[in-house]
Amino acid sequence: IVGTGTCTTTQEQESTEPLPVLKQYNSRRRREAVQASLHAAQRGSGTVVKSHFIQDEETLLQLADPQLWTKCVDHQSEVGLRFLPAGEKPKNVWEEIALLIWQDHPVVTTKNPDNTPSFAGFEYWCNIITPGDSLDWHVDKDEALGMESNTMVNPIFGAVYYGFPHRFTGGYLELLPVDPQQSPSAEEYYWKDGAQTNQDNGFVASFERIEAQYNRLVLFNVSKWHRVSAVTRGARFTFAVNLWKEKPRKLHINTVDPKQQQA
Ligand SMILES: O=C(O)CCC(=O)C(=O)O
Ligand SMILES: [Fe+2]
């Protein structure tokens, strides 16, 4: 029944089986879906998976040095905050990649009427996940604000880039289609309403699972629940860059620490 067009096989013509019902939205709802998709594209709010993202050999070879990544992890635990303000020149390879990742995004390419940037800048950090570490369900947010009051401020959008030729098993990026307001417990959603108990009614919201392939870029909505599933062998390397409307007060404390659990 999928994409039949005008082509039918003899077998289908002879079949006496009734066609399955195409249970779909009415035409008004379908037009709404078209508009929603176009608006989402204008805002740049959809998940993007781009394989073989960086094509420059020099940059890839530079990133293939594990020491660069361990330094990145160590540096952020010292300084806490790594932020490239909008319009500033990159000062290191990470900031160069941050700009490369975001240069075509609508929020970055669209300026305010007075020609000032429409965003504050880029928060960035590195993760190396080995067996025993975990990056459990979380949303990316302004950690300082979250601790002082109950308000949650999230980035506009997020990106992860797997720029080290890593070797590991497990470690999928898993994305739920809900935020903490819609579903206060990611774990509960995952087991009750998510893919774990799909009752075959066809329209149960599921979750996305993305392989952390080397040189792959993933842009996604980090305001929704996401996690990295258990790494069972090896080490998994991530460079993450979030786009912020306002500079967060206090930035990413390394979330890959089973003792902290603040993510
Ligand atoms: O490594 C990944 O794929 C996701 C990382 C992440 O969500 C984070 O560091 O907040
Ligand atoms: Fe995250």
Side-chain angles (χ1 to χ4, degrees), residues 45 47-51 53-54 63 66 69-70 72-77 79-83 94 97-98 101-102 122-146 152-180 183 186-187 189-190 207-244 248 250-263:
S45 66
T47 303
V48 175
V49 179
K50 192 162 182 359
S51 301
F53 172 61
I54 290 182
L63 291 172
W69 294 79
T70 50
C72 178
V73 172
D74 291 346
H75 188 62
Q76 82 214 10
S77 58
V79 296
L81 173 153
R82 299 186 86 182
F83 193 80
W94 303 115
I97 298 168
I101 287 173
W102 289 103
F122 310 95
E123 173 201 15
Y124 64 93
W125 68 94
C126 297
N127 284 340
I128 301 175
I129 304 180
T130 52
D133 297 331
S134 72
L135 189 48
D136 207 355
W137 295 117
H138 68 282
V139 298
D140 294 7
K141 56 179 191 283
D142 187 332
E143 305 285 349
L145 268 182
M152 179 152 70
V153 178
N154 304 105
I156 300 170
F157 218 57
V160 288
Y161 170 61
Y162 308 113
F164 181 75
H166 46 197
R167 291 181 66 194
F168 65 94
T169 53
Y172 291 89
L173 173 61
E174 297 188 338
L175 313 176
L176 299 185
V178 288
D179 63 31
S183 186
E187 198 68 26
Y189 178 90
Y190 183 73
F207 73 103
E208 293 189 312
R209 193 169 195 241
I210 297 164
E211 219 182 297
Q213 281 179 13
Y214 168 51
N215 203 11
R216 174 174 272 184
L217 171 70
V218 185
L219 304 189
F220 66 104
N221 185 348
V222 289
S223 311
K224 295 184 175 176
W225 290 115
H226 59 279
R227 73 166 180 186
V228 176
S229 70
V231 170
T232 46
R233 273 162 47 193
R236 178 190 187 278
F237 292 61
T238 305
F239 174 58
V241 194
N242 284 345
L243 185 61
W244 285 92
K250 186 168 161 232
L251 292 158
H252 220 83
I253 311 149
N254 190 3
T255 48
V256 189
D257 182 348
K259 290 180 290 297
Q260 289 189 21
Q261 288 297 331
Q262 87 302 83

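First listed ligand is number 1; within each ligand, the first listed atom is number 1.
Taking the side-chain hydrogen bond (donor to acceptor under 3.5 Å, both in side chains) definition, one finds that R233 meets it with nothing, sequence neighbours left out. Evaluation of the salt bridge (Lys or Arg N to Asp or Glu O under 4.0 Å) rule for R227 yields E174 as partners, not counting sequence neighbours.
The distance from ligand 1 to the heavy atoms of V228 drops below 4.0 Å at these ligand atoms: 1 (O), 2 (C), 3 (O), 4 (C). Contact atoms of ligand 1 toward N127: 5 (C), 8 (C), 9 (O) (distance under 4.0 Å to a heavy atom of the residue). Close contacts of ligand 1 with T238, meaning ligand atoms under 4.0 Å from a residue heavy atom, involve 1 (O), 2 (C). Close approach to H226 involves these atoms of ligand 1, each under 4.0 Å from a residue heavy atom: 7 (O). Less than 4.0 angstrom separates some heavy atom of R236 from each of these atoms of ligand 1: 1 (O), 2 (C), 3 (O). Within ligand 1, the atoms closer than 4.0 Å to a non-hydrogen atom of W125 are 8 (C), 9 (O), 10 (O), numbered from 1 in the order shown. Distances below 4.0 Å separate heavy atoms of Y162 from the following atoms of ligand 1: 2 (C), 3 (O).
Annotation: side chain of W102 is in contact with side chain of F157 (closest heavy-atom distance under 4.5 Å).
The shell of residues lying under 4.0 angstrom from ligand 1, judged by heavy atoms, excludes R227.
Ring-plane geometry between W69 and W94 is classed as perpendicular, the angle between the planes exceeding 60 degrees on a 0 to 90 degree scale with a lower cut at 30. Using a 30° and 60° split on the angle between ring planes, F168 and H166 fall in the perpendicular class, above 60°.
For the pair NE2 of H138 and OD1 of D140, the angle whose vertex sits at the Fe ion (ligand 2) is 90° to 10 degrees.
The part of D140 lying near ligand 1 is the side chain, judged by heavy-atom distances below 4.0 Å. Contacts between I129 and ligand 1 below 4.0 angstrom, taking non-hydrogen atoms only, are absent altogether.
Under 3.5 Å, the side chains of H226 and N221 contain no donor-acceptor pair of N or O atoms. A donor-acceptor pair shorter than 3.5 Å cannot be found between the side chains of D74 and S77. Side-chain atoms of Y124 and N242 form no donor-acceptor pair, as typed in the model, at a separation below 3.5 Å.
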